[in-house]
2 protein chains.
Amino acid sequence: MARLQDRSSQGRRRASHSMESVLSEAVALLDEAGAPALTFRALAQRLGGGVASIYWYVASKDELLDQATDHVMGAVLADVEGLARTDDPIDDLREMAVTLFDAIVARPWLAAYFMRNTTAQSNSLRLYERLGEQTLRLDLDARQRFHAVSAIVGVVVGSAIDLGQEPPQEVLDGAVDRDEFLGRYARAWRELDPEDFPFVHEIVDEFDGHDDVDQFRSALELTLTGLRLQAGPPPSSR
Amino acid sequence: MARLQDRSSQGRRRASHSMESVLSEAVALLDEAGAPALTFRALAQRLGGGVASIYWYVASKDELLDQATDHVMGAVLADVEGLARTDDPIDDLREMAVTLFDAIVARPWLAAYFMRNTTAQSNSLRLYERLGEQTLRLDLDARQRFHAVSAIVGVVVGSAIDLGQEPPQEVLDGAVDRDEFLGRYARAWRELDPEDFPFVHEIVDEFDGHDDVDQFRSALELTLTGLRLQAGPPPSSR
DNA sequence: CGCTGTATCGAACGTTGTTCTATCGTAGCG
DNA sequence: CGCTACGATAGAACAACGTTCGATACAGCG
């Protein structure tokens with residue numbers, strides 16, 4: 001009968017990890033049950049080793065989070081860099097932002113960590129650079145470029161945050177699906193006094209069962225339209 | 001010699017709280033040293049009582065956070081409702097958003113909680129309503145209005161998040177001020193290869209010592225410009 | 001063989017949110 | 001006045017968490 005891993009016949013063997021395996025399992029835990037599920041004890045158990053061993057690879061939980069985040073951001077960065085470039089930098093910015101947002105939809109826990117510490121997360125810094133390089137193709141000054149990229153990242157983060165904290169436990173467990181969860185809010189909102197909350201009543205049907213990606217794309221479009229206006233006519237038309 | 005509170009001459013008297021005092025002290029702790037400082041034991045000590053007593057007023061820490069957030073959001077809502085209305089709904093939206101952002105600058109911990117649970121935080125819901133009511137004055141359909149308000153809240157949250165997680169402990173303790181903290185990043189960024197990071201070098205001077213409020217206002221302006229364009233000409237000109 | 005540095009692990013510590021159980025104090029009532 | 005019910009308080013204990021400590025295994029090399 002084949003044994004798991006390469007542990008030999010009897011008695012507890014010591015586990016042998018690697019930075020790669022530590023980060024992979026950490027990401028797996030985050031993916032499966034969100035940030036609260038990533039504990040040193042759960043991670044050690046998955047690695048088949050002791051709790052303290054993990055501290056040989058990372059100095060603290062903060063660093064573990066940073067490294068795990070950077071680990072997956074590597075793939076996101078590759079996706080962004082693999083995007084085809086057009087002659088419109090704003091179109092490119094949109095595609096980049098959407099790619100980033102898609103990654104966060106797939107891994108909601110990313111939202112809270114992916115821009116926390118750009119010295120420890122080099123892939124996030126590179127992504128920031130790639131976004132910024134598109135603004136270099138626009139007729140803006142340095143401050144406007146800085147603010148433009150901050151705005152775009154802000155839209156991504158802002159849209160992603162409520163996404164990340166939406167699941168109150170039940171959605172992650174699969175006991176309640178997202179539509180039912182939204183429906184509860186919608187039901188509560190519909191019972192508000194229409195005179196006191198005319199706007200909430202106006203949009204409750206839109207809210208019920210809405211798509212987060214649509215919501216994000218709309219917010220992004222407003223920012224990009226504003227940016228296009230700020231940049232003035234494209235250089236080719238001058 | 002006057003004694004603290006109204007405890008009588010000798011022996012431990014039981015403390016008597018109230019919802020008000022619990023929330024006030026909770027907010028005080030959050031203001032003084034951020035979210036990690038709000039523990040049941042620290043709160044109990046400030047109230048001069050036992051740990052378990054707090055559970056008579058709130059069922060969990062999550063509820064404590066929600067109620068404390070709603071507590072201060074009451075004042076924010078009052079500020080927003082006290083704003084003078086103009087004939088331009090977008091100008092009003094801007095003033096409201098800035099008022100909200102100012103409140104978050106004063107209390108960075110707000111960013112993470114103020115839109116978490118609108119059924120438990122009625123003041124946040126009311127604020128959401130007030131923002132939305134401005135879009136009722138614009139020529140938009142229901143979905144566009146829903147997305148517009150989401151976008152504005154998203155910009156606020158997105159700009160506020162890095163604000164809230166900036167202080168890595170030293171800034172809160174007052175050991176290191178914010179400019180020095182930004183300077184460290186700027187110094188690290190300046191040492192990157194200019195060929196690999198042209199954008200980062202372009203904007204590092206803007207980043208160094210930048211004002212968060214400027215950054216936010218710029219991001220907000222892009223969204224509002226996009227929204228104004230989307231809404232088309234004002235009804236008066238038709 | 002012994003030494004050294006790398007890598008591992010169990011046990012323990014302090015702090016956190018939460019629960020259990022016991023108790024106090026006062027308003028209401030006979 | 002005494003008794004009771006209940007609103008309100010609190011200490012002790014529990015499980016889970018991040019983190020540290022000291023001991024120990026293993027491979028490479030002289």
Side-chain angles (χ1 to χ4, degrees), chain A residues 4-26 29-30 33-69 109 112-113 116-117 120 168-169, chain B residues 4-26 29-30 33-69 109 112-113 116-117 120 168-169:
Chain A
L4 293 176
Q5 313 276 17
D6 57 349
R7 312 202 168 172
S8 64
S9 54
Q10 60 189 24
R12 301 222 166 267
R13 261 292 189 77
R14 320 185 111 227
S16 110
H17 314 321
S18 72
M19 192 76 241
E20 242 295 311
S21 65
V22 169
L23 295 185
S24 297
E25 292 302 324
L29 277 170
L30 289 166
L38 177 56
T39 70
F40 277 77
R41 287 171 174 84
L43 181 54
Q45 191 167 6
R46 274 179 94 109
L47 290 166
V51 199
S53 305
I54 304 168
Y55 279 88
W56 195 88
Y57 295 93
V58 293
S60 69
K61 181 160 189 185
D62 267 344
E63 191 184 312
L64 177 62
L65 257 328
D66 277 338
Q67 298 233 199
T69 304
W109 54 269
Y113 304 114
R116 211 174 36 157
N117 184 353
Q169 205 89 18
Chain B
L4 292 175
Q5 312 276 15
D6 57 349
R7 312 202 167 172
S8 64
S9 53
Q10 58 190 28
R12 299 224 166 267
R13 262 291 188 80
R14 321 184 111 229
S16 109
H17 316 319
S18 71
M19 192 76 239
E20 242 295 313
S21 66
V22 168
L23 294 184
S24 296
E25 292 300 324
L29 277 169
L30 289 167
L38 178 56
T39 69
F40 277 77
R41 286 169 176 84
L43 182 54
Q45 190 166 6
R46 273 180 95 111
L47 291 166
V51 200
S53 303
I54 304 168
Y55 280 87
W56 196 87
Y57 295 94
V58 293
S60 70
K61 182 159 189 185
D62 267 344
E63 191 184 313
L64 176 62
L65 256 330
D66 276 338
Q67 298 235 195
T69 303
W109 54 270
Y113 305 114
R116 214 173 34 158
N117 183 354
Q169 203 87 18

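Here is how names work: the chains are called A, B, and so on, in the same order as the sequence lines, proteins then strands, and each is numbered from 1. Just so it is clear, the structure is predicted and the values come from calculations on it, not from any experiment.
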Please determine, for the side chain of [X], which listed nucleotide ([options]) has the closest atom?
| X | options | answer |
| --- | --- | --- |
| B:S60 | D:dA10, C:dT18, D:dT19 | C:dT18 |
| A:K61 | D:dC17, C:dA7, D:dT20 | D:dC17 |
| B:A15 | D:dA10, C:dG17, D:dG18 | D:dA10 |
| A:R14 | C:dT18, C:dC9, D:dT19 | C:dC9 |

Closest approach of [X] to [Y] (non-hydrogen atoms, all atoms of both residues):
| X | Y | result |
| --- | --- | --- |
| B:L43 | B:V22 | CD1-O, 4.0 Å |
| B:F40 | B:I54 | O-CD1, 3.5 Å |
| A:D66 | A:A120 | OD2-CB, 3.9 Å |

query = D:dA8 phosphate, OP1 or OP2: any side-chain N/O from B:S53 under 4.0 angstrom?
reply =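 For D:dA8, neither OP1 nor OP2 has a side-chain N or O of B:S53 closer than 4.0 Å.
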
N/O (side chain, B:Y57) to phosphate O (OP1/OP2, D:dT9) under 4.0 Å =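 Indeed, a polar side-chain atom of B:Y57 lies that close.
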
Given atom [atom1] of [X] and atom [atom2] of [N], what is their separation to the nearest angstrom?
| X | N | atom1 | atom2 | answer |
| --- | --- | --- | --- | --- |
| A:E63 | D:dT19 | CD | P | 10 Å |
| B:L38 | C:dG17 | CG | P | 7 Å |
| B:L65 | C:dT18 | CG | P | 10 Å |
| B:I54 | C:dT18 | CD1 | P | 11 Å |
| A:W56 | C:dC9 | CH2 | C1' | 15 Å |
| B:M19 | D:dA8 | CE | C1' | 14 Å |

message = So, taking the atom named CE in B:M19 and the one named CH2 in B:W56, what distance separates them when rounded to the nearest 0.5 Å?
response =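 Reported value, rounded in 0.5 Å steps: 9.5 Å.
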
ask   = If each of A:F40 and A:A52 is mapped to the nucleotide of DNA chain D with the nearest heavy atom, which maps nearer the 5' terminus, i.e. the 5' end?
value = A:F40

key: Contact nearer the 5' end of DNA chain D, comparing A:A42 with A:A59   = A:A42

inquiry  = Is there, by distance only and without an angle test, a donor paired with an acceptor across the side chain of B:R41 and the base of C:dT15 below 3.5 Å?
reply    = no

message = Other residues, nucleotides and ligands only: do more than 12 of their heavy atoms fall within 6.0 Å of CD on A:Q45?
response = no

message = Please classify the nucleic acid contact of B:L64 as base, sugar-phosphate, or nothing, using heavy-atom distances under 4.0 Å.
response = nothing

task = Give A:L43 one of three labels, base, sugar-phosphate or nothing, depending on what nucleic acid heavy atoms sit under 4.0 Å from its own.
result =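 Since no nucleic acid heavy atom lies under 4.0 Å of A:L43, the category is nothing.
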
